[in-house]
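Here the structure is laid out as C-alpha cells; the discussion comes afterwards.
Protein chains get the first letters and strands the later ones, always in sequence-line order, with residue 1 at the start of each. For clarity, every value in this text was computed on a predicted model and none was experimentally measured. Computed over heavy atoms, backbone and side chain alike; hydrogens, waters and symmetry mates excluded.
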Protein chains: 2
Amino acid sequence: MVTELNEQTLAVKGFTFAATAANIKGVADNKRDDCALIVSQQPACCAGVFTKNKVIAAPLLVTKPRIAAGSCQAILVNSGNANACTGQQGLDDAKSCSQALAAQMEIDEELVAVASTGVIGVPLPVERVLGAIPTLCSALAAETGREVAAAIMTTDSYRKTSSRTVEIGGEQCRIVGIAKGAGMIHPNMATMLGFVLTDAAVSSDLLQPMLSTGVDDSFNSISVDGDTSTNDMVLLLANGAAENKPVAAGSDDAKRFKIALDEVLLDLAKMIVRDGEGATKLVQIKLRGAENDAQAKVAARSVATSSLVKTAFFGEDANWGRIIAAVGYSGVEVDPNKIDIFFDDVQVVANGLTTGARQEELATQVLKKAEFSVQIDIHLGAGCADYYTSDLTYDYVKINADYRT
Amino acid sequence: MVTELNEQTLAVKGFTFAATAANIKGVADNKRDDCALIVSQQPACCAGVFTKNKVIAAPLLVTKPRIAAGSCQAILVNSGNANACTGQQGLDDAKSCSQALAAQMEIDEELVAVASTGVIGVPLPVERVLGAIPTLCSALAAETGREVAAAIMTTDSYRKTSSRTVEIGGEQCRIVGIAKGAGMIHPNMATMLGFVLTDAAVSSDLLQPMLSTGVDDSFNSISVDGDTSTNDMVLLLANGAAENKPVAAGSDDAKRFKIALDEVLLDLAKMIVRDGEGATKLVQIKLRGAENDAQAKVAARSVATSSLVKTAFFGEDANWGRIIAAVGYSGVEVDPNKIDIFFDDVQVVANGLTTGARQEELATQVLKKAEFSVQIDIHLGAGCADYYTSDLTYDYVKINADYRT
C-alpha cells in the first residue's frame, strides 16, 4: 500500500472534477469557487452516512433515498448556503438543481446527489446554482479534485484530501477522499462533508457496512465542540474503472480495501480536528479496559467533549482530575480505584491516585506538544476506543461569537 | 409567603453556624475562612441528593448512608480540598473528621454529615480540619449563616443564600438555603454544594421526594459547562423547632412548604449560573410542546449545553440556526416544520422558517440584555421544561486554562 501524504493529484480512474465561482453568498466581487461537481464516467456503486440530527437539510432529503438505491453518477455541491431550515421551497430548490444537472448530463436524475454547506435558514439562491451547471459540466477534468476540495470549504483554513493506492484483484486501485469541516460542527457555516471515490469494483452491499463502520471510527470519533450539523454527509462511490475482479465479501481484497478506506477516512477526520475553530492541539483520547467497545467510546467521548478538559489542554495543564471526573459522569461502569492515566508515556494516575508532582511536571512537558495522547485505562475488560479532540481556546470563542456580527 | 431577596440574616430556629480559617490549602498567610459547621439543636429529619458521577469523593461515601438513615444533626464542611480521588486514606480522613466532631459535640457519629470542595487528588490535610473543630464548636451562633456561605466558596465571586418564611401548621416557619458553585462544575476547585435548613417539622419520608424533585428543577436544570463534579451534594434538614403541627402528605401545608422549598432551591441555582465562570448573561431556555416533560428537558439541556449556542449568546447573536440544530441532535422527537423560537417576546422562527431580518434585529436587542429567555415550542405535545444557562466567554477559557498554572 502506498501512502501519499502530499497529494499532488487526486486522480482516480473514471472520475472527473470541476469547480466554479457562483457567488452563492451574494457578496460583491466574490470570486471564490463555491460550486463543485464530481462525475463518474458510469453509474457507480455507492454508500452514504448522513447526519443523525432530526432537523435534516433539504439536499440530504433528496440524496439519502438515491444513495440507498445503490447507484450514483454525479455529486453537485455548493458552499455558502446550507439550504437548511428552508422548508418546502428548500426541497424544491434542491430538486431543481439535481434536475438541471441530470438534463445537462443526459442522465437519470436519480443518479444525482446534491450537498450543501453554509448559512442555515437563508433560501438557496437557486438561479446562481443553475447558472453554474453548464460551466461545471464543460470544465470537468481528471486532475482538478483539489479545486473541488477548495470550493467546498467554509470556515476551513485548508483543503482536506487524502488518498491511498491498494492492489485489489490484481489491479492497482485508488481511493481518494475530499472533505470539509472545521469545528464539529458549526451549524451556521455548517457541516462536515466527505466524498470518497474509488475506481475499485466493489458492490454497494459491501460498501455500506464498510463506510458505516469506517465513519464510526473516524468522523464519528472526533469532536471539536460536540455539535452535529443538519447537513453532515459522507458519500462513497466505487465505479469499477480499475477493472479489477470485483471484491468478494470476507476476501483478502475486501480486508485490504477496508484498511485503505479506513486510513483515508481517519486522515480526513484528523485534518478536521486539526483545523478545528481556534484549535492549537490535536489530542488522541485512548480509552482502554472498558467492559466493551461501546462503553469505551461513551467514556472517550465524555472526556473528548468536556469543555473543562479541553480548556485544560489549551492551558497545558495536566489536569487529570477533570479527566477522571469526565469518565465518572459518562455513565459507563468504572471503579475509581482502578483508573490509570497517561499523557503519552507519562503516567500521572495509578489505581485512581496521583503518581506525584514529578510525574505531573513531566506530563506538563507532554502537553506543550501540538499533538499528544491521553490514555485512560479503567481495567474492567477488553473494550477500547480512540477519540480525537482539540483544545478549547480564546479563538474558538472569538470565531463563534463574532461570526455573524 | 415573604420573599427576602436581601438576606440580612439566615436565622432559622434551632440552627447555629460557625466558620473559621484552617488554611486547608496550606498557602502562607491564608486567613480566609475555609472550615464551617452547621448544627441543629436536636437531630433533624433529613434528605439528600448526591452526584451521579461514578467517581465519588470520600465525604459523600461517608455522608450518603447517614442521610439515607433519616437523621442528621451536624454538617462539617471545608473548602480548599475536595478529598476526591484520595483512595482509602481519603475515606479514613473523612471518618476521622466526623468522629472528632461527634466526640466534641457528644453526639452519635452517625448524625454527622461531612462535605468537601476544592482541588481533586490531593490528600486532605486532616490535622488542620481536626484542629479547627474545637474552634468551630465554641463559635456556634444563630446569626452567622452568612459566614458559612462565605467559607464554602471556591471560584465563587459572591455568597449564595436565599430564604423564605411560610406559614405551616399555624406557625411561621423558615427555610434557609446556602450554596456554593460557579461553573457547573469545575472538578478541580470542585463542586456544587447546597445546604437547606428549615425549622418546620417535616418527616424524612416527605422531605426526600420534595428535595429530589426540587433539585431536578433547579440544580439539575442549570448548566455552565455541562460537567458534573465528584463532590456534588444537596442536603435538606428539618428540625421542627418552629413547633408546627407536623406536615401531612398531600396537605395544603405540604404544598406551601414545597413551593417555598422550590423557590429557595431555584434562587440558589440561578445564583450559580449567574456566577458561572466568566459568565456575563443568565439565559432561561424554555422548551415547550414536547411529547412529555422528560423529552422537553433533554431538548432544553441540549440547547443549554451547546458550546455554539452559548458562544452566540456571548456574541449577542440571535443565531437560531444553532438553537434549532441543538434541538435536532438532542435525540427527542421533533418536526422541523413545526418549530417556533422566541427571544423574550420576539419571534425569530415560525414553523421552522425565519420570520425575517427585522425580527432578527429586534432579537439582537434582546440579546444585549444581561438576562433574557429563549422559548422553543416544538408543537408535538404538552411537555415542557425550563433550563438555565450562561454564555461561553473569553473569561471562561481564561479561568479554566490558567487555574493551575
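- With A:K54 contributing its side chain and B:P336 its backbone, the two residues share no donor-acceptor pair below 3.5 Å.
- Looking at A:V332, only its backbone comes within 4.5 Å of chain B, counting heavy atoms on both sides.
- Proximity to chain B (any heavy atom under 4.5 Å) is shown, for A:Q89, by neither the backbone nor the side chain.
- Between A:F343 and A:F372, the ring planes lie tilted relative to each other; the angle falls in the 30° to 60° range.
- For the residue pair A:N231 / A:T117, no side-chain donor-acceptor distance below 3.5 Å is found, with atom types taken as modelled.
- With a 4.5 Å cut-off on non-hydrogen atoms, B:E333 touches chain A through its backbone and its side chain both.
- Here the side chain of A:N351 pairs no donor or acceptor atom with the backbone of A:K338 at under 3.5 angstrom.
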